[in-house]
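Notes to accompany the following structure.
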Amino acid sequence: MLDFITEKFTDIVSKCLDKNAKELNTTKKNVQLIFKLRGDGEAEYLITKEYTTIKVLNFMEVLGVKIDFKGYSLFVPDFIKGALNRFCESDNIELNKVSVVTYFNDNKEMIMWLYNGNQYVKQIELESLFNTEDILSQ
């Protein structure tokens, strides 16, 4: 199940970055999707071009749909929020400073970096967003 979720998530992020790269007249490797926590504790999604914020998206815009027939919007934002909170606890990051930068490298691999404000903390694996305990508790 975890493999299915991570595969679908990678596909969603890839399509989101493809769409935004096209709109910004650049290549996919120059566009990033950033996950953060808003002041109310909910997940926020930013599109950046060469690490400069261009726009804030809601999860439906990340999905690229008006109606979420597959139901991803019912559970994925909670996983992302949970992961960001876990990173805050495990890496001693304040809630308002945690972020995960997601992009695709030249080899078309999805890369995810954890940040504390503007400071790089570590590279993370996609599986850390969707850990087994979270899936079982849903």
Side-chain angles (χ1 to χ4, degrees):
M1 183 161 173
L2 187 57
D3 289 340
F4 173 78
I5 291 170
T6 56
E7 180 183 322
K8 291 299 178 188
F9 186 82
T10 302
D11 186 52
I12 290 166
V13 172
S14 180
K15 287 178 181 175
C16 177
L17 291 177
D18 281 336
K19 177 183 182 284
N20 282 282
K22 186 175 181 179
E23 288 176 8
L24 296 170
N25 198 28
T26 190
T27 63
K28 182 178 181 175
K29 71 177 186 174
N30 292 327
V31 180
Q32 303 80 36
L33 178 61
I34 298 178
F35 307 109
K36 310 176 60 161
L37 291 175
R38 296 189 313 227
D40 64 0
E42 293 301 315
E44 178 175 62
Y45 315 95
L46 308 174
I47 289 294
T48 63
K49 179 180 177 184
E50 298 174 1
Y51 305 99
T52 300
T53 301
I54 303 297
K55 61 183 170 179
V56 178
L57 304 176
N58 62 43
F59 192 71
M60 297 296 278
E61 291 169 317
V62 172
L63 289 175
V65 299
K66 293 185 184 199
I67 299 172
D68 178 17
F69 290 111
K70 295 181 179 178
Y72 296 139
S73 62
L74 298 175
F75 63 91
V76 174
D78 288 337
F79 283 118
I80 292 170
K81 182 173 115 178
L84 292 171
N85 279 295
R86 275 193 314 281
F87 294 141
C88 288
E89 289 177 21
S90 66
D91 294 280
N92 199 27
I93 302 171
E94 294 177 35
L95 292 174
N96 64 338
K97 291 187 177 183
V98 67
S99 64
V100 172
V101 176
T102 307
Y103 72 98
F104 284 80
N105 65 16
D106 291 333
N107 296 327
K108 300 179 182 175
E109 300 166 316
M110 189 167 77
I111 307 295
M112 301 178 83
W113 290 337
L114 177 64
Y115 273 82
N116 180 356
N118 291 328
Q119 184 177 10
Y120 170 83
V121 176
K122 63 185 178 183
Q123 185 169 338
I124 59 172
E125 298 299 321
L126 178 56
E127 290 80 7
S128 64
L129 287 181
F130 306 101
N131 71 27
T132 306
E133 289 143 18
D134 287 344
I135 292 169
L136 294 174
S137 69
Q138 289 293 314

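Other residues, nucleotides and ligands contribute over 12 non-hydrogen atoms within 6.0 Å of the NZ atom of K28. Within 6.0 Å of CD in Q123 there are more than 12 heavy atoms belonging to other residues, nucleotides or ligands.
Taking CZ of R86 as the reference point, atom CD1 of I93 lies at 13.0 Å (rounded to 0.5 Å). The structure places CG of N30 at 4.5 Å from CD of E50, a figure rounded to the nearest 0.5 Å.
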task = Go through the steps to decide whether F87 and V100 satisfy the test side chain to side chain contact (heavy atoms under 4.5 Å, CB included), and finish with yes or no.
result = CA-CA 10 Å; F87 294 141; V100 172; 4.0 Å; yes
message = Between L114 and D91, does the side chain to side chain contact (heavy atoms under 4.5 Å, CB included) criterion hold? Intermediate values first, please.
response = CA-CA 9 Å; L114 177 64; D91 294 280; 3.6 Å; yes
request  = Show your reasoning for whether side chain to side chain contact (heavy atoms under 4.5 Å, CB included) applies to I47 and E61.
outcome  = CA-CA 11 Å; I47 289 294; E61 291 169 317; over 6 Å; no
request  = Begin from the C-alpha positions of N96 and L37 and carry the test side chain to side chain contact (heavy atoms under 4.5 Å, CB included) through to its verdict.
outcome  = CA-CA 6 Å; N96 64 338; L37 291 175; over 6 Å; no
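A side-chain contact (heavy atoms from CB on, under 4.5 Å) with V62 is found for one member of V76, V13, L33 and no other, namely L33.
When side chains are defined from C-beta on, Y45 counts as touching I80, because their heavy atoms get closer than 4.5 Å. Within the 4.5 Å cutoff, the side chain of K55 has heavy atoms near those of the N20 side chain. V65 is not listed as a side-chain neighbour of S73, based on a closest heavy-atom distance of 4.5 Å or more. Two residues are said to be in side-chain contact when any heavy atoms from C-beta on lie closer than 4.5 Å; L84 and K81 fail this criterion.
With Q32 contributing its side chain and Y51 its backbone, the two residues share a donor-acceptor pair below 3.5 Å. Without hydrogens or angle criteria, S14 side chain to T10 main chain gives no donor-acceptor distance under 3.5 Å. Checked by atom type and distance alone, the side chain of N105 pairs as donor or acceptor with a backbone atom of N107 at under 3.5 Å. The backbone N or O of E42 sits less than 3.5 Å from a side-chain atom of D40, completing a donor-acceptor pair.
Following chains of ILVMFWY side-chain contacts shorter than 4.5 Å, one cannot reach V98 starting from I34, and the two form parts of different hydrophobic clusters. Under the 4.5 Å side-chain contact rule for hydrophobic residues, V101 and V121 do not share a cluster.
In summary, K15 and D11 engage in a salt bridge, as defined by a charged side-chain N under 4.0 Å from a carboxylate O.
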